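Each remark here refers to the structure printed beneath this line.
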Amino acid sequence: MIQRSQLDLRKFVVPEFICGHGALQLAGRYARNFGMKQVLLVTDPGVRAAGWAGAVGESLVEAGVSFTVFDSISVNPRSRQVMAGMETYLAEECNGIVAVGGGSPMDCAKGIGIASSNMRDIRTFEGVDRVPVPAPPLICIPTTAGSSADVSQFAIITDEERKRKIGIVSKAVVPDISLLDPEPLTTMSRDLTVDSGIDTLSHAVETYVSNASSPMTDVHALEAIRLITSTLPAVLEEPDNLNLRFSTLLASLHAGLAFSNASVGAAHAMAHSLGGAYDLVHGRCNALLLEHVMAANYEAEPERYNRIGAIIGRGGATPAEKVAAFRRALGVTETLAAVGVREDAIPALAEAAYNDPCMVTNPRNFTCEDIERIYMYAF
Amino acid sequence: MHSESPEDRDALREKIIGLGETSLHKSYYPELQSRLAELERFRALLDQTYDAIFLIRADTGKLADINASARQYLGYSREELLAKPFIDLISPQQKAWLVEFVQKSGDQLSKPGQTFTAPLVSRSGTEIPMEITVRSVTFGAEQYVVAVARDITDRIRTERELRIKESALESSTNGILIADLTGAVMYANRSCAAMFGYERADAIAGRNLEAFFADPTVGEKVTVHLLANPAIVQETVGLRSNGSPFHIQISGSVVQNDAGQPLCIMLIVMDITDRILNEQMKRETYAQLGKNIEQFAILGDHIRNPLQVIVGYAEMIDDPFAKRILEQARRIDDLVAELDRGWVESANVRQFLRRHGEGVEPSEEVFFHFSNRKQEDI
Ligand SMILES: [Fe+2]
């Protein structure tokens with residue numbers, strides 16, 4: 001276990017972001033100011049149907065910027081989708097990217113950016129600091145409150161041939177500006193609101209106990225935990241309430257600023273492995289794993305976990321139990337077995353999680369067997 | 001600042017928050033984009049030239065960059081070319097020579113205009129004759145050689161065609177003279193030199209046309225005529241270098257450039273002395289023949305008179321032989337009548353003989369015989 005001191009060297013990278021009602025309409029102005037002439041507008045069919053891609057497109061047109069829409073993106077974006085996006089980017093002679101959507105379009109947009117600036121297969125960037133040429137400017141307009149891909153140095157892409165997620169960690173994939181507007185959040189389904197909300201909570205919790213955390217990330221992590229646990233249940237009651245939606249967006253932003261700088265831990269490593277193998281929604285994987293990872297990590301950082309427990313408040317004796325009560329209250333009650341995971345697949349899942357870069361910042365060094373045991377608790 | 005309106009203060013506040021139209025964080029991207037556009041524009045410019053441009057790394061000899069013409073001439077893709085050493089594009093026969101040239105002119109390469117000709121070999125194996133100018137340049141810390149190759153296929157063909165035309169002119173049996181518009185001779189072929197009695201053709205160049213005619217004004221008249229008319233055909237008297245005259249026919253024309261402006265005049269000279277002498281002899285022969293026919297007619301009259309006397313005497317004699325004499329005299333009269341009839345019938349022949357024998361004056365007295373005039377204008 002790594003001993004920490006507040007005197008340890010730390011770096012804090014924050015991209016520019018604008019938050020508030022109407023931020024979305026600034027997409028055109030920023031695209032033009034970045035010198036973008038032909039934009040690849042990366043989105044997904046759901047966001048497009050909800051009208052948010054169209055609204056951003058209008059803003060681009062108003063600013064005199066041309067664009068091409070690329071929306072062939074699924075949940076858990078695939079390496080082939082990234083490469084198809086790169087082909088479109090090059091064929092249309094784009095010189096900038098605007099991403100509208102949740103984590104999938106934003107991660108895919110990051111992938112398209114580095115693949116086209118380096119002219120390489122996206123899978124060759126797996127790992128930390130492995131992007132030599134920076135991507136073209138990227139403007140993100142998140143339509144969910146959870147992934148924080150709009151402010152993070154992470155891009156998670158599924159290698160469909162090997163059925164696993166690859167993590168690309170690099171300052172070169174941090175977007176140039178994020179436009180945080182609460183309005184697009186109002187069209188999220190209940191499930192998506194819950195899954196992305198629990199993803200936010202997982203980011204905040206894992207960052208707060210991360211061995212790379214710092215006084216700067218602590219502030220944001222704790223505020224994220226406070227905001228998301230206090231507003232998520234209320235949002236489900238009033239999905240059109242812009243103030244509540246904005247609070248979840250702020251929670252996600254705080255969590256994003258924290259985890260982008262201090263990274264996450266075992267829950268994310270295990271969620272990546274699970275999502276890659278079974279094509280499950282990322283937030284839901286976290287929801288099923290977080291409390292079990294917290295319990296397994298507790299001894300390494302009891303004070304920090306207790307602090308988290310104190311913020312969540314009611315629901316159980318331990319912080320892990322409180323998180324479990326929180327997700328049950330949101331209607332997340334299934335197990336890994338219930339979502340289709342086979343018990344005999346767990347050793348392979350554990351091995352993939354063990355090799356995930358997120359595992360490096362977990363407060364405890366887990367062995368593969370430890371990880372298998374945690375999966376079994378969630379099974 | 002004190003007089004600011006509330007709207008101005010609001011705008012200022014927006015900018016301080018960072019929401020101004022140009023409240024941007026530092027980014028070189030827009031500038032990079034415009035510099036790239038500038039570079040692309042410059043590359044497009046280089047791609048417009050017909051010359052093939054090669055940027056060669058001095059250390060490896062490999063190509064670092066090429067323009068579109070280089071690709072088009074050689075038929076390789078950009079990627080293929082960038083993997084090649086420049087020397088591999090040179091015709092094998094010239095390779096060793098080029099290596100020597102580069103070694104020899106090492107220091108000279110930094111000066112402009114080191115030019116050589118060598119064929120470049122295209123992907124399909126075709127050799128393209130090129131005039132290649134090389135120069136060494138330094139970008140940053142890197143040493144390069146820039147080679148600009150110009151296709152000289154057309155030039156070589158033109159030169160060959162020119163040589164063929166030149167030797168055709170030179171070997172023509174007619175004399176050919178080319179003079180500028182002031183009448184100064186620029187060129188004369190061998191036949192011309194021989195015709196005018198010069199040992200060498202280049203002894204003629206530089207002289208004025210007036211030196212070649214018995215009448216020195218002929219040269220100028222021909223030139224003036226040609227500036228207003230496309231051609232001239234004329235018989236005149238030439239003057240040899242030793243001062244002896246001889247009959248010549250000159251055909252002159254103006255050589256023009258593509259814009260139709262006169263560049264020089266060309267005269268084709270034929271020695272027509274033999275023809276002129278023949279014509280003279282013919283004329284004399286015809287005159288003699290005409291004269292003979294005339295004399296023959298007079299002879300008939302001369303015979304008739306004594307014959308009349310003989311017939312008169314014979315009629316006065318009463319003798320059996322007189323009848324015989326009259327009979328023979330009638331035969332003679334018939335023969336003379338026959339001759340008279342032949343005289344009448346020979347009117348056309350006599351007219352022809354008159355015309356060619358004594359009709360027109362000798363031609364050397366008519367100096368101008370313009371090809372574009374009608375016969376009756378003379
Ligand atoms: Fe996450």
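All values reported here derive from a predicted model rather than from experimental measurement.
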request  = Take A:D176 and B:Y29 through the test side-chain contact (heavy atoms from CB on, under 4.5 Å) and record every step on the way to the result.
outcome  = CA-CA 11 Å; A:D176 292 76; B:Y29 195 76; over 6 Å; no
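Here A:Y30 contributes atom OH and B:H25 contributes atom NE2; the two are 9.5 Å apart, rounded to the nearest 0.5 Å.
Other residues, nucleotides and ligands contribute only 12 or fewer heavy atoms inside 6.0 Å of the CZ atom of B:R35. Residue-environment remark: CZ (A:R80) stays at or below the threshold of 12 foreign heavy atoms within 6.0 Å. Counted within 6.0 Å of CD on A:E93, heavy atoms from surrounding residues, nucleotides or ligands total 12 or fewer; the atom is thus considered open. Within 6.0 Å of NZ in B:K15 there are 12 or fewer heavy atoms belonging to other residues, nucleotides or ligands. With a 6.0 Å radius and a threshold of 12 heavy atoms from other residues, nucleotides or ligands, B:R13 has its CZ atom at or below the threshold.
Counting all heavy atoms, side chain and backbone alike, A:G35 lies closest to B:P30 at N-CG, 4.1 Å.
In this structure, no portion of B:E31 lies under 4.5 Å from any heavy atom of chain A. Contact of B:L19 with chain A is made through backbone and side chain together, with heavy-atom distances under 4.5 Å. The parts of A:P136 that come within reach of chain B are both its backbone and its side chain, each placing non-hydrogen atoms under 4.5 angstrom from that chain.
With chain B as the partner, the residue from A:M36, A:R29, A:R32, A:K37 showing the most heavy-atom pairs under 4.5 Å is A:R29.
Remark: side-chain polar atoms of A:N33 are not paired, donor with acceptor, to backbone N or O of B:L24 under 3.5 angstrom.
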